[in-house]
Amino acid sequence: MNKTSPTLLAVMVIVVAALAAFPFVGEKFYVQLVSKVMIMAIFAMSLDLLVGFAGLVSLGHAAFFGLAGYVAALMSPQYEAGNFWTTLPAAMAACAAFALITGFLVLRTSGIYFIMVTLAFAQMLFFIFHDTALGGGSDGIYIYVKPEMMLGDIKLLDLENFNVFYWLVLGCLVAVYLLLRQLLRSNFGHALIGIKTNDHRMRALGFPTFRYKLAAYVMSGALAGLAGYLAALQFGFVNPEILSWHTSGNVLMMVILGGMGTLHGAVVGAFSFILLQEVLSNQAFFGSVAKHWQLTMGLFIIAVALFLPKGLAGLFSRRGEK
Amino acid sequence: MSAPILKAEKLTKRFGGLAAVTDVSVDLYIGQVHAVIGTNGAGKSTLTNMLSGDLPPTSGSIHYDGHELAGMASHKISRLGIGRSYQKTNIFLPFTVFENVRLAAQSRHPRFWQVWRSATAFADINASAERAIVAAGLAAKRDTVAANMSHGEQRQLEIAMCLATDPKVLLLDEPLAGMGPAESERIVELIGQLKDGHAIMLIEHDMDAVFAVADRLTVMVNGAVLETGTPEEVRASPMVQQAYLGDSFATGDLHV
(Lines give C-alpha, C1' and ligand atoms only; values in the text may rest on other atoms or scores of the structure.)
Protein backbone atom coordinates (compact mmCIF):
# COMPACT_ATOMS: atom_id res chain seq x y z
CA MET A 1 0.00 0.00 0.00
CA ASN A 2 1.25 3.48 -0.92
CA LYS A 3 4.54 2.25 -2.27
CA THR A 4 6.27 4.44 -4.81
CA SER A 5 7.92 2.45 -7.55
CA PRO A 6 11.48 3.42 -8.53
CA THR A 7 10.25 4.38 -12.02
CA LEU A 8 7.64 6.72 -10.61
CA LEU A 9 10.20 8.21 -8.23
CA ALA A 10 12.60 8.84 -11.11
CA VAL A 11 9.84 10.45 -13.18
CA MET A 12 8.95 12.69 -10.25
CA VAL A 13 12.53 13.84 -9.69
CA ILE A 14 12.86 14.65 -13.40
CA VAL A 15 9.54 16.52 -13.45
CA VAL A 16 10.45 18.58 -10.38
CA ALA A 17 13.87 19.39 -11.84
CA ALA A 18 12.29 20.40 -15.15
CA LEU A 19 9.73 22.57 -13.34
CA ALA A 20 12.48 24.20 -11.29
CA ALA A 21 14.46 25.00 -14.45
CA PHE A 22 11.47 26.22 -16.45
CA PRO A 23 11.66 29.96 -15.52
CA PHE A 24 15.14 30.12 -17.07
CA VAL A 25 13.75 29.26 -20.50
CA GLY A 26 10.03 30.02 -20.40
CA GLU A 27 8.37 33.32 -21.23
CA LYS A 28 6.57 35.24 -18.51
CA PHE A 29 3.13 34.15 -19.74
CA TYR A 30 4.05 30.48 -19.54
CA VAL A 31 5.87 30.79 -16.23
CA GLN A 32 2.72 32.31 -14.74
CA LEU A 33 0.56 29.67 -16.39
CA VAL A 34 2.62 26.84 -14.91
CA SER A 35 2.61 28.62 -11.57
CA LYS A 36 -1.20 28.71 -11.73
CA VAL A 37 -1.25 25.01 -12.64
CA MET A 38 0.94 24.15 -9.65
CA ILE A 39 -1.36 26.11 -7.33
CA MET A 40 -4.32 24.16 -8.67
CA ALA A 41 -2.31 20.96 -8.20
CA ILE A 42 -1.95 21.76 -4.48
CA PHE A 43 -5.70 22.43 -4.41
CA ALA A 44 -6.42 19.15 -6.18
CA MET A 45 -4.16 17.15 -3.82
CA SER A 46 -5.96 18.63 -0.83
CA LEU A 47 -9.28 17.48 -2.29
CA ASP A 48 -7.84 14.07 -3.18
CA LEU A 49 -7.14 13.52 0.53
CA LEU A 50 -10.92 13.59 1.01
CA VAL A 51 -12.17 12.06 -2.23
CA GLY A 52 -9.46 9.54 -2.96
CA PHE A 53 -8.38 8.47 0.51
CA ALA A 54 -11.29 9.09 2.87
CA GLY A 55 -14.05 8.42 0.33
CA LEU A 56 -15.66 11.80 1.00
CA VAL A 57 -16.74 13.41 -2.27
CA SER A 58 -16.94 17.14 -1.57
CA LEU A 59 -18.51 19.61 -3.95
CA GLY A 60 -17.72 22.57 -1.74
CA HIS A 61 -13.95 22.63 -1.69
CA ALA A 62 -13.91 26.14 -3.19
CA ALA A 63 -15.07 27.40 0.22
CA PHE A 64 -11.58 26.90 1.63
CA PHE A 65 -9.82 28.09 -1.51
CA GLY A 66 -11.84 31.31 -1.61
CA LEU A 67 -11.90 31.93 2.13
CA ALA A 68 -8.10 31.90 2.28
CA GLY A 69 -7.95 34.34 -0.63
CA TYR A 70 -10.32 36.72 1.11
CA VAL A 71 -8.37 36.48 4.38
CA ALA A 72 -5.19 37.37 2.46
CA ALA A 73 -6.91 40.31 0.76
CA LEU A 74 -8.63 41.61 3.87
CA MET A 75 -5.43 41.44 5.92
CA SER A 76 -3.32 43.28 3.35
CA PRO A 77 -3.15 47.11 3.52
CA GLN A 78 -4.57 48.56 0.32
CA TYR A 79 -1.45 50.10 -1.23
CA GLU A 80 1.28 48.51 0.85
CA ALA A 81 2.69 45.06 1.26
CA GLY A 82 1.17 42.81 3.90
CA ASN A 83 3.18 40.44 6.04
CA PHE A 84 3.59 36.97 4.58
CA TRP A 85 4.35 35.43 7.98
CA THR A 86 1.02 36.52 9.45
CA THR A 87 -1.30 36.44 6.42
CA LEU A 88 -0.48 32.88 5.32
CA PRO A 89 -0.93 31.25 8.75
CA ALA A 90 -4.07 33.34 9.30
CA ALA A 91 -5.54 32.25 5.96
CA MET A 92 -4.80 28.58 6.63
CA ALA A 93 -6.02 28.81 10.23
CA ALA A 94 -9.29 30.41 9.08
CA CYS A 95 -9.80 27.51 6.68
CA ALA A 96 -8.94 24.95 9.35
CA ALA A 97 -11.42 26.59 11.73
CA PHE A 98 -14.11 26.70 9.04
CA ALA A 99 -13.43 23.01 8.30
CA LEU A 100 -13.59 22.10 11.99
CA ILE A 101 -16.95 23.80 12.49
CA THR A 102 -18.60 22.68 9.26
CA GLY A 103 -16.93 19.26 9.55
CA PHE A 104 -18.88 18.50 12.71
CA LEU A 105 -22.03 18.83 10.63
CA VAL A 106 -21.11 17.60 7.16
CA LEU A 107 -19.32 14.47 8.39
CA ARG A 108 -22.54 13.22 9.95
CA THR A 109 -23.75 12.68 6.41
CA SER A 110 -22.33 10.54 3.64
CA GLY A 111 -22.68 9.90 -0.07
CA ILE A 112 -25.02 12.22 -1.96
CA TYR A 113 -25.92 14.08 1.24
CA PHE A 114 -22.28 14.83 1.91
CA ILE A 115 -22.03 16.31 -1.60
CA MET A 116 -25.10 18.47 -1.03
CA VAL A 117 -24.13 19.72 2.43
CA THR A 118 -20.58 20.62 1.44
CA LEU A 119 -22.02 22.44 -1.57
CA ALA A 120 -24.49 24.27 0.66
CA PHE A 121 -21.77 25.53 3.02
CA ALA A 122 -19.68 26.74 0.09
CA GLN A 123 -22.70 28.53 -1.39
CA MET A 124 -23.34 30.20 1.95
CA LEU A 125 -19.83 31.64 1.91
CA PHE A 126 -20.27 32.64 -1.73
CA PHE A 127 -23.37 34.67 -0.94
CA ILE A 128 -21.87 36.18 2.20
CA PHE A 129 -19.06 37.64 0.10
CA HIS A 130 -21.23 38.32 -2.93
CA ASP A 131 -24.08 40.13 -1.18
CA THR A 132 -22.36 42.01 1.65
CA ALA A 133 -19.81 44.81 1.63
CA LEU A 134 -17.45 42.67 3.73
CA GLY A 135 -15.29 41.61 0.79
CA GLY A 136 -16.19 44.29 -1.76
CA GLY A 137 -19.36 42.56 -2.96
CA SER A 138 -19.37 41.07 -6.45
CA ASP A 139 -16.37 43.18 -7.50
CA GLY A 140 -14.11 41.65 -4.90
CA ILE A 141 -10.87 43.15 -3.62
CA TYR A 142 -7.57 43.88 -5.36
CA ILE A 143 -4.27 42.90 -3.84
CA TYR A 144 -2.05 45.56 -5.43
CA VAL A 145 1.09 44.61 -3.57
CA LYS A 146 2.09 41.06 -2.70
CA PRO A 147 2.95 40.38 0.96
CA GLU A 148 6.57 40.68 2.03
CA MET A 149 8.59 37.80 3.34
CA MET A 150 10.87 39.53 5.85
CA LEU A 151 13.43 37.97 8.15
CA GLY A 152 14.42 40.81 10.48
CA ASP A 153 15.36 43.58 8.03
CA ILE A 154 16.19 41.24 5.18
CA LYS A 155 13.71 40.51 2.46
CA LEU A 156 13.90 36.75 2.21
CA LEU A 157 12.11 36.38 -1.13
CA ASP A 158 10.85 39.08 -3.45
CA LEU A 159 7.40 37.74 -4.31
CA GLU A 160 6.81 40.58 -6.80
CA ASN A 161 9.34 38.83 -9.01
CA PHE A 162 7.20 36.31 -10.87
CA ASN A 163 10.05 33.81 -11.12
CA VAL A 164 10.63 33.90 -7.36
CA PHE A 165 6.90 33.51 -6.80
CA TYR A 166 6.93 30.55 -9.18
CA TRP A 167 9.67 28.83 -7.16
CA LEU A 168 7.80 29.49 -3.95
CA VAL A 169 4.74 27.76 -5.42
CA LEU A 170 6.88 24.86 -6.62
CA GLY A 171 8.37 24.56 -3.13
CA CYS A 172 4.87 24.47 -1.63
CA LEU A 173 3.77 21.85 -4.15
CA VAL A 174 6.69 19.56 -3.30
CA ALA A 175 6.23 20.15 0.44
CA VAL A 176 2.49 19.39 0.32
CA TYR A 177 3.13 16.27 -1.75
CA LEU A 178 5.74 14.97 0.70
CA LEU A 179 3.60 15.87 3.70
CA LEU A 180 0.53 14.07 2.38
CA ARG A 181 2.56 11.11 1.22
CA GLN A 182 3.99 10.65 4.70
CA LEU A 183 0.57 11.22 6.28
CA LEU A 184 -0.93 8.47 4.14
CA ARG A 185 1.84 6.06 5.06
CA SER A 186 1.30 6.57 8.77
CA ASN A 187 -1.19 4.84 11.04
CA PHE A 188 -3.51 7.75 10.37
CA GLY A 189 -3.40 7.23 6.61
CA HIS A 190 -3.92 3.48 6.85
CA ALA A 191 -6.90 4.02 9.11
CA LEU A 192 -8.29 6.57 6.66
CA ILE A 193 -8.07 4.12 3.77
CA GLY A 194 -9.70 1.49 5.99
CA ILE A 195 -12.54 3.91 6.69
CA LYS A 196 -12.98 4.56 2.98
CA THR A 197 -13.13 0.81 2.33
CA ASN A 198 -15.42 -0.13 5.23
CA ASP A 199 -16.34 2.52 7.79
CA HIS A 200 -18.62 0.23 9.77
CA ARG A 201 -15.96 -2.44 10.18
CA MET A 202 -13.44 0.16 11.33
CA ARG A 203 -15.80 1.23 14.10
CA ALA A 204 -16.34 -2.37 15.11
CA LEU A 205 -12.56 -2.73 15.36
CA GLY A 206 -12.44 0.19 17.78
CA PHE A 207 -11.58 3.15 15.57
CA PRO A 208 -13.38 6.42 16.33
CA THR A 209 -13.88 6.98 12.61
CA PHE A 210 -15.57 10.37 13.00
CA ARG A 211 -12.44 11.81 14.59
CA TYR A 212 -10.26 10.47 11.77
CA LYS A 213 -12.53 11.93 9.11
CA LEU A 214 -12.70 15.26 10.92
CA ALA A 215 -8.90 15.44 11.13
CA ALA A 216 -8.64 14.68 7.40
CA TYR A 217 -11.29 17.29 6.66
CA VAL A 218 -9.46 19.99 8.65
CA MET A 219 -6.14 19.05 7.07
CA SER A 220 -7.67 19.14 3.61
CA GLY A 221 -9.30 22.51 4.29
CA ALA A 222 -6.07 24.05 5.52
CA LEU A 223 -4.13 22.82 2.47
CA ALA A 224 -6.84 24.09 0.12
CA GLY A 225 -6.37 27.35 2.02
CA LEU A 226 -2.68 27.35 1.14
CA ALA A 227 -3.62 26.99 -2.54
CA GLY A 228 -6.24 29.73 -2.25
CA TYR A 229 -3.77 32.07 -0.59
CA LEU A 230 -1.18 31.54 -3.32
CA ALA A 231 -3.83 31.95 -6.03
CA ALA A 232 -5.03 35.27 -4.57
CA LEU A 233 -1.44 36.52 -4.56
CA GLN A 234 -0.75 35.40 -8.10
CA PHE A 235 -3.94 36.84 -9.63
CA GLY A 236 -3.76 40.02 -7.53
CA PHE A 237 -7.46 40.02 -6.71
CA VAL A 238 -10.21 38.00 -5.11
CA ASN A 239 -13.88 37.94 -6.09
CA PRO A 240 -16.80 35.65 -5.21
CA GLU A 241 -16.11 33.57 -8.32
CA ILE A 242 -13.29 31.76 -6.47
CA LEU A 243 -15.89 30.54 -3.95
CA SER A 244 -18.39 29.40 -6.54
CA TRP A 245 -19.41 25.84 -7.22
CA HIS A 246 -17.68 26.08 -10.62
CA THR A 247 -14.38 26.25 -8.78
CA SER A 248 -15.38 23.25 -6.64
CA GLY A 249 -16.48 21.39 -9.76
CA ASN A 250 -13.27 22.16 -11.64
CA VAL A 251 -11.02 20.88 -8.87
CA LEU A 252 -13.14 17.75 -8.52
CA MET A 253 -12.75 17.19 -12.26
CA MET A 254 -8.98 17.58 -11.92
CA VAL A 255 -8.94 14.86 -9.26
CA ILE A 256 -11.12 12.52 -11.33
CA LEU A 257 -9.19 13.28 -14.53
CA GLY A 258 -5.85 12.52 -12.89
CA GLY A 259 -7.08 9.51 -10.97
CA MET A 260 -8.50 9.44 -7.46
CA GLY A 261 -6.47 7.99 -4.64
CA THR A 262 -3.00 8.75 -5.99
CA LEU A 263 -1.38 12.03 -5.02
CA HIS A 264 0.57 12.34 -8.25
CA GLY A 265 -2.74 11.72 -10.06
CA ALA A 266 -4.12 14.95 -8.62
CA VAL A 267 -1.06 16.79 -9.93
CA VAL A 268 -1.38 15.17 -13.37
CA GLY A 269 -5.08 16.04 -13.34
CA ALA A 270 -4.44 19.71 -12.56
CA PHE A 271 -1.85 19.96 -15.32
CA SER A 272 -4.00 18.26 -17.94
CA PHE A 273 -7.16 20.13 -17.00
CA ILE A 274 -5.66 23.61 -17.20
CA LEU A 275 -3.45 22.94 -20.19
CA LEU A 276 -6.39 21.37 -22.03
CA GLN A 277 -8.48 24.39 -21.14
CA GLU A 278 -5.78 26.65 -22.60
CA VAL A 279 -5.47 24.59 -25.76
CA LEU A 280 -9.18 23.96 -26.32
CA SER A 281 -10.08 27.62 -25.84
CA ASN A 282 -7.29 28.79 -28.16
CA GLN A 283 -8.64 29.98 -31.51
CA ALA A 284 -5.32 29.29 -33.19
CA PHE A 285 -5.91 25.56 -32.66
CA PHE A 286 -9.66 25.17 -32.64
CA GLY A 287 -10.97 28.17 -34.58
CA SER A 288 -14.65 28.86 -34.02
CA VAL A 289 -15.04 25.80 -31.77
CA ALA A 290 -12.64 27.42 -29.30
CA LYS A 291 -15.29 29.54 -27.61
CA HIS A 292 -17.25 26.34 -26.90
CA TRP A 293 -14.22 24.79 -25.18
CA GLN A 294 -16.37 23.46 -22.32
CA LEU A 295 -18.03 21.14 -24.83
CA THR A 296 -14.78 19.60 -26.05
CA MET A 297 -13.50 19.45 -22.46
CA GLY A 298 -16.68 17.64 -21.46
CA LEU A 299 -16.17 15.07 -24.21
CA PHE A 300 -12.60 14.54 -23.09
CA ILE A 301 -13.63 13.98 -19.47
CA ILE A 302 -16.36 11.55 -20.51
CA ALA A 303 -13.77 9.63 -22.53
CA VAL A 304 -11.39 9.47 -19.56
CA ALA A 305 -14.18 8.34 -17.23
CA LEU A 306 -15.22 5.62 -19.67
CA PHE A 307 -11.86 4.29 -20.80
CA LEU A 308 -9.49 5.18 -17.95
CA PRO A 309 -11.34 4.53 -14.69
CA LYS A 310 -8.10 5.07 -12.81
CA GLY A 311 -7.60 8.44 -14.51
CA LEU A 312 -4.63 9.61 -16.51
CA ALA A 313 -2.24 8.55 -13.74
CA GLY A 314 -3.59 5.02 -14.20
CA LEU A 315 -1.82 4.97 -17.56
CA PHE A 316 1.56 5.01 -15.80
CA SER A 317 0.76 2.57 -13.04
CA ARG A 318 -0.82 0.08 -15.40
CA ARG A 319 2.31 0.09 -17.49
CA GLY A 320 4.45 -0.03 -14.36
CA GLU A 321 2.67 -3.10 -13.01
CA LYS A 322 3.34 -5.20 -16.08
CA MET B 1 -18.32 -20.23 39.60
CA SER B 2 -16.81 -16.74 39.48
CA ALA B 3 -18.80 -13.71 38.42
CA PRO B 4 -19.65 -13.38 34.72
CA ILE B 5 -17.42 -10.95 32.77
CA LEU B 6 -20.43 -9.84 30.75
CA LYS B 7 -23.95 -9.82 32.07
CA ALA B 8 -26.75 -8.78 29.72
CA GLU B 9 -30.11 -8.35 31.41
CA LYS B 10 -33.55 -8.14 29.84
CA LEU B 11 -32.32 -6.81 26.49
CA THR B 12 -35.11 -5.72 24.19
CA LYS B 13 -34.85 -4.35 20.66
CA ARG B 14 -37.84 -3.01 18.81
CA PHE B 15 -37.83 -1.79 15.24
CA GLY B 16 -40.98 0.31 15.20
CA GLY B 17 -43.75 -2.08 16.18
CA LEU B 18 -41.66 -5.19 15.57
CA ALA B 19 -39.91 -6.66 18.60
CA ALA B 20 -36.81 -8.41 17.26
CA VAL B 21 -35.53 -9.36 20.71
CA THR B 22 -37.58 -9.39 23.93
CA ASP B 23 -36.17 -9.58 27.47
CA VAL B 24 -33.12 -11.67 26.62
CA SER B 25 -30.53 -12.20 29.37
CA VAL B 26 -27.14 -13.78 28.78
CA ASP B 27 -24.13 -14.29 31.08
CA LEU B 28 -20.69 -14.85 29.60
CA TYR B 29 -17.79 -16.32 31.60
CA ILE B 30 -14.07 -16.40 30.82
CA GLY B 31 -13.13 -19.92 29.80
CA GLN B 32 -16.57 -20.80 28.52
CA VAL B 33 -18.24 -21.00 25.14
CA HIS B 34 -21.84 -19.88 25.33
CA ALA B 35 -23.67 -20.94 22.19
CA VAL B 36 -26.83 -19.22 21.06
CA ILE B 37 -28.95 -21.25 18.71
CA GLY B 38 -32.30 -20.68 17.08
CA THR B 39 -33.97 -20.53 13.72
CA ASN B 40 -33.37 -17.72 11.25
CA GLY B 41 -35.07 -14.59 12.51
CA ALA B 42 -34.94 -15.71 16.13
CA GLY B 43 -33.01 -12.54 16.99
CA LYS B 44 -29.53 -14.01 17.44
CA SER B 45 -27.74 -11.47 15.26
CA THR B 46 -29.74 -8.62 16.79
CA LEU B 47 -28.56 -9.82 20.20
CA THR B 48 -24.95 -9.80 18.97
CA ASN B 49 -25.41 -6.35 17.48
CA MET B 50 -26.65 -5.00 20.80
CA LEU B 51 -23.71 -6.48 22.71
CA SER B 52 -21.21 -5.06 20.20
CA GLY B 53 -22.87 -1.64 20.02
CA ASP B 54 -23.82 -1.90 16.36
CA LEU B 55 -27.41 -1.42 17.55
CA PRO B 56 -28.46 0.35 20.75
CA PRO B 57 -30.92 -1.74 22.80
CA THR B 58 -34.42 -0.30 23.25
CA SER B 59 -34.25 -1.34 26.88
CA GLY B 60 -32.21 -3.53 29.18
CA SER B 61 -28.65 -3.36 30.45
CA ILE B 62 -25.27 -4.85 29.63
CA HIS B 63 -22.75 -4.93 32.48
CA TYR B 64 -19.17 -5.58 31.52
CA ASP B 65 -16.13 -5.20 33.72
CA GLY B 66 -17.60 -2.24 35.64
CA HIS B 67 -19.03 -0.55 32.54
CA GLU B 68 -22.57 -0.16 31.27
CA LEU B 69 -22.45 -0.94 27.56
CA ALA B 70 -26.08 -0.36 26.59
CA GLY B 71 -26.14 2.59 24.18
CA MET B 72 -22.35 2.97 24.07
CA ALA B 73 -20.75 3.58 20.64
CA SER B 74 -19.38 0.46 18.99
CA HIS B 75 -15.79 1.71 18.79
CA LYS B 76 -15.75 2.30 22.55
CA ILE B 77 -17.18 -1.15 23.26
CA SER B 78 -14.54 -2.65 21.01
CA ARG B 79 -11.80 -0.81 22.86
CA LEU B 80 -13.07 -2.12 26.20
CA GLY B 81 -12.27 -5.63 24.99
CA ILE B 82 -15.27 -6.97 23.15
CA GLY B 83 -14.47 -8.25 19.68
CA ARG B 84 -16.90 -9.57 17.15
CA SER B 85 -16.99 -11.30 13.82
CA TYR B 86 -19.77 -10.86 11.33
CA GLN B 87 -22.20 -13.33 9.83
CA LYS B 88 -21.68 -11.78 6.43
CA THR B 89 -17.97 -11.64 5.77
CA ASN B 90 -16.94 -8.10 6.63
CA ILE B 91 -13.29 -7.61 5.84
CA PHE B 92 -11.21 -5.19 3.78
CA LEU B 93 -11.25 -7.03 0.47
CA PRO B 94 -8.60 -4.99 -1.39
CA PHE B 95 -6.03 -5.45 1.41
CA THR B 96 -3.74 -8.38 2.11
CA VAL B 97 -4.33 -10.64 5.10
CA PHE B 98 -1.50 -8.93 6.94
CA GLU B 99 -2.82 -5.45 6.25
CA ASN B 100 -6.35 -6.44 7.35
CA VAL B 101 -5.06 -7.83 10.62
CA ARG B 102 -2.46 -5.10 11.11
CA LEU B 103 -5.20 -2.50 10.82
CA ALA B 104 -7.21 -4.35 13.44
CA ALA B 105 -4.18 -4.48 15.74
CA GLN B 106 -3.52 -0.79 15.12
CA SER B 107 -6.83 0.07 16.78
CA ARG B 108 -5.24 -0.89 20.10
CA HIS B 109 -2.24 1.36 19.49
CA PRO B 110 -3.75 4.16 17.39
CA ARG B 111 -0.80 6.62 17.60
CA PHE B 112 -3.01 9.12 15.88
CA TRP B 113 -0.42 11.90 15.97
CA GLN B 114 2.68 9.92 15.01
CA VAL B 115 2.27 10.77 11.37
CA TRP B 116 5.96 10.90 10.64
CA ARG B 117 6.35 7.15 11.19
CA SER B 118 5.18 4.64 8.66
CA ALA B 119 2.30 2.47 9.79
CA THR B 120 4.25 -0.71 9.11
CA ALA B 121 7.17 0.37 11.31
CA PHE B 122 5.60 -0.30 14.71
CA ALA B 123 7.04 -3.56 16.07
CA ASP B 124 4.34 -4.09 18.72
CA ILE B 125 1.47 -3.70 16.21
CA ASN B 126 3.17 -5.98 13.70
CA ALA B 127 3.82 -8.58 16.39
CA SER B 128 0.21 -8.73 17.56
CA ALA B 129 -0.93 -8.92 13.94
CA GLU B 130 1.44 -11.82 13.27
CA ARG B 131 0.29 -13.61 16.44
CA ALA B 132 -3.37 -13.29 15.42
CA ILE B 133 -2.62 -14.55 11.91
CA VAL B 134 -0.86 -17.62 13.29
CA ALA B 135 -3.59 -18.20 15.88
CA ALA B 136 -6.26 -18.15 13.18
CA GLY B 137 -4.24 -20.53 11.03
CA LEU B 138 -3.55 -18.11 8.20
CA ALA B 139 0.26 -17.95 8.34
CA ALA B 140 0.57 -19.39 4.83
CA LYS B 141 -1.79 -16.74 3.43
CA ARG B 142 -0.15 -13.76 5.12
CA ASP B 143 0.47 -11.81 1.91
CA THR B 144 -2.59 -12.89 -0.06
CA VAL B 145 -5.11 -10.23 -1.01
CA ALA B 146 -8.30 -10.95 0.94
CA ALA B 147 -10.50 -10.76 -2.16
CA ASN B 148 -8.56 -13.65 -3.71
CA MET B 149 -9.12 -16.09 -0.84
CA SER B 150 -11.70 -18.83 -0.42
CA HIS B 151 -14.81 -18.14 1.60
CA GLY B 152 -13.53 -20.27 4.48
CA GLU B 153 -10.23 -18.41 4.57
CA GLN B 154 -12.09 -15.11 4.62
CA ARG B 155 -14.02 -16.38 7.64
CA GLN B 156 -10.70 -17.25 9.29
CA LEU B 157 -9.46 -13.76 8.51
CA GLU B 158 -12.57 -12.38 10.15
CA ILE B 159 -11.57 -14.21 13.35
CA ALA B 160 -7.92 -13.18 13.03
CA MET B 161 -8.98 -9.52 12.87
CA CYS B 162 -11.14 -10.01 15.90
CA LEU B 163 -8.23 -11.61 17.81
CA ALA B 164 -5.84 -8.83 16.82
CA THR B 165 -7.90 -6.37 18.85
CA ASP B 166 -6.92 -8.42 21.91
CA PRO B 167 -10.48 -8.95 23.20
CA LYS B 168 -11.63 -10.60 26.43
CA VAL B 169 -15.04 -11.37 25.00
CA LEU B 170 -15.48 -12.81 21.51
CA LEU B 171 -18.83 -12.57 19.80
CA LEU B 172 -18.73 -14.97 16.86
CA ASP B 173 -21.71 -14.66 14.55
CA GLU B 174 -21.96 -17.87 12.54
CA PRO B 175 -18.23 -18.36 12.00
CA LEU B 176 -18.86 -21.63 10.14
CA ALA B 177 -21.41 -20.27 7.66
CA GLY B 178 -20.65 -21.56 4.18
CA MET B 179 -17.57 -23.56 5.23
CA GLY B 180 -16.64 -27.03 4.05
CA PRO B 181 -16.25 -29.87 6.61
CA ALA B 182 -12.46 -29.64 6.83
CA GLU B 183 -12.52 -25.88 7.30
CA SER B 184 -15.32 -26.17 9.88
CA GLU B 185 -13.33 -28.69 11.86
CA ARG B 186 -10.34 -26.38 11.96
CA ILE B 187 -12.44 -23.45 13.19
CA VAL B 188 -14.16 -25.56 15.85
CA GLU B 189 -10.75 -26.62 17.07
CA LEU B 190 -9.66 -22.98 17.07
CA ILE B 191 -12.70 -21.94 19.11
CA GLY B 192 -11.88 -24.70 21.60
CA GLN B 193 -8.37 -23.26 21.98
CA LEU B 194 -9.57 -19.67 22.25
CA LYS B 195 -11.86 -20.58 25.14
CA ASP B 196 -8.79 -20.47 27.34
CA GLY B 197 -8.61 -16.82 28.39
CA HIS B 198 -11.68 -15.61 26.52
CA ALA B 199 -15.41 -15.55 27.06
CA ILE B 200 -16.98 -16.62 23.79
CA MET B 201 -20.52 -16.20 22.58
CA LEU B 202 -21.02 -18.44 19.57
CA ILE B 203 -23.95 -18.11 17.25
CA GLU B 204 -24.11 -21.13 15.02
CA HIS B 205 -26.48 -23.35 13.07
CA ASP B 206 -24.11 -26.30 12.82
CA MET B 207 -25.28 -28.49 15.74
CA ASP B 208 -22.27 -30.82 15.58
CA ALA B 209 -20.04 -27.80 16.11
CA VAL B 210 -22.23 -26.35 18.84
CA PHE B 211 -22.32 -29.53 20.89
CA ALA B 212 -18.60 -30.08 20.33
CA VAL B 213 -17.53 -26.81 21.94
CA ALA B 214 -20.41 -25.26 23.91
CA ASP B 215 -20.32 -25.17 27.70
CA ARG B 216 -23.68 -23.45 27.90
CA LEU B 217 -26.52 -23.06 25.44
CA THR B 218 -29.26 -20.54 24.96
CA VAL B 219 -32.09 -21.43 22.63
CA MET B 220 -33.95 -18.49 21.11
CA VAL B 221 -37.32 -18.53 19.40
CA ASN B 222 -39.09 -15.47 18.02
CA GLY B 223 -36.78 -13.05 19.80
CA ALA B 224 -37.14 -14.60 23.24
CA VAL B 225 -35.15 -17.15 25.27
CA LEU B 226 -36.79 -20.55 25.24
CA GLU B 227 -34.23 -22.34 27.38
CA THR B 228 -30.80 -21.79 28.87
CA GLY B 229 -28.53 -24.35 30.42
CA THR B 230 -25.79 -26.88 29.85
CA PRO B 231 -25.99 -28.87 26.62
CA GLU B 232 -27.40 -31.83 28.58
CA GLU B 233 -30.10 -29.71 30.18
CA VAL B 234 -31.08 -28.19 26.85
CA ARG B 235 -31.02 -31.57 25.19
CA ALA B 236 -33.35 -32.88 27.89
CA SER B 237 -35.73 -29.93 27.77
CA PRO B 238 -39.10 -30.99 26.37
CA MET B 239 -39.84 -27.43 25.23
CA VAL B 240 -36.70 -27.30 23.13
CA GLN B 241 -37.33 -30.70 21.66
CA GLN B 242 -40.76 -29.67 20.55
CA ALA B 243 -40.16 -26.13 19.45
CA TYR B 244 -36.85 -26.26 17.77
CA LEU B 245 -34.92 -29.45 17.58
CA GLY B 246 -37.72 -31.86 16.69
CA ASP B 247 -38.39 -35.32 18.08
CA SER B 248 -35.46 -37.02 16.39
CA PHE B 249 -33.14 -34.88 18.51
CA ALA B 250 -34.03 -36.64 21.75
CA THR B 251 -32.85 -39.93 20.29
CA GLY B 252 -29.38 -38.50 19.77
CA ASP B 253 -29.56 -37.73 16.05
CA LEU B 254 -28.09 -34.24 15.96
CA HIS B 255 -28.68 -33.53 12.30
CA VAL B 256 -31.85 -31.54 12.37
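In what follows, every chain begins at residue 1, and chains take the letters A, B, ... in the order their sequences are listed. Reckoned from all heavy atoms, side chains included, excluding hydrogens, waters and symmetry mates.
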**Message:** Within 45 degrees of the ring normal and closer than 6.0 Å to the centroid, is that where the cationic atom of A/Arg108 sits relative to A/Phe104?
**Reply:** no
**Message:** Looking only at heavy atoms and a cut-off of under 4.5 Å, which of A/Thr209, A/Asn198, A/Leu183, A/Leu179 has the most pairs with chain B?
**Reply:** A/Asn198
**Request:** Determine, for A/Tyr217 and A/Lys213, whether the Lys NZ or Arg CZ falls below 6.0 Å from the six-membered ring centre while staying within 45 degrees of the axis.
**Result:** no
**Prompt:** Knowing that exactly one of B/Arg84, B/Lys88, B/Arg155 qualifies, which makes a salt bridge (charged side-chain N to carboxylate O under 4.0 Å, His left out) with B/Asp173?
**Reply:** B/Arg84
**Item:** Engaged part of B/Ile91 at the chain A interface, taking heavy atoms whose separation is under 4.5 Å
**Value:** backbone
**Message:** What part of B/Arg111 gets within 4.5 angstrom of chain A, counting heavy atoms only: side chain, backbone, both, or neither?
**Reply:** both
**Request:** Sort B/Asn90 into side chain, backbone, both or neither according to what part of it lies under 4.5 angstrom from a heavy atom of chain A.
**Result:** both
**Request:** Pick one of side chain, backbone, both or neither for B/Gln106, based on which atoms fall under 4.5 Å of a heavy atom in chain A.
**Result:** both
**Message:** Taking every non-hydrogen pair under 4.5 Å, which of B/Ala73, B/Ser118, B/Ala104 racks up the most with chain A?
**Reply:** B/Ser118
**Item:** Sidechain-backbone polar pair: B/His198 side chain, B/Pro167 backbone, donor-acceptor under 3.5 Å
**Value:** yes
**Fill in**
In terms of heavy-atom contacts, A/Val51 and A/Lys196 come closest through O-CE, 4.4 Å
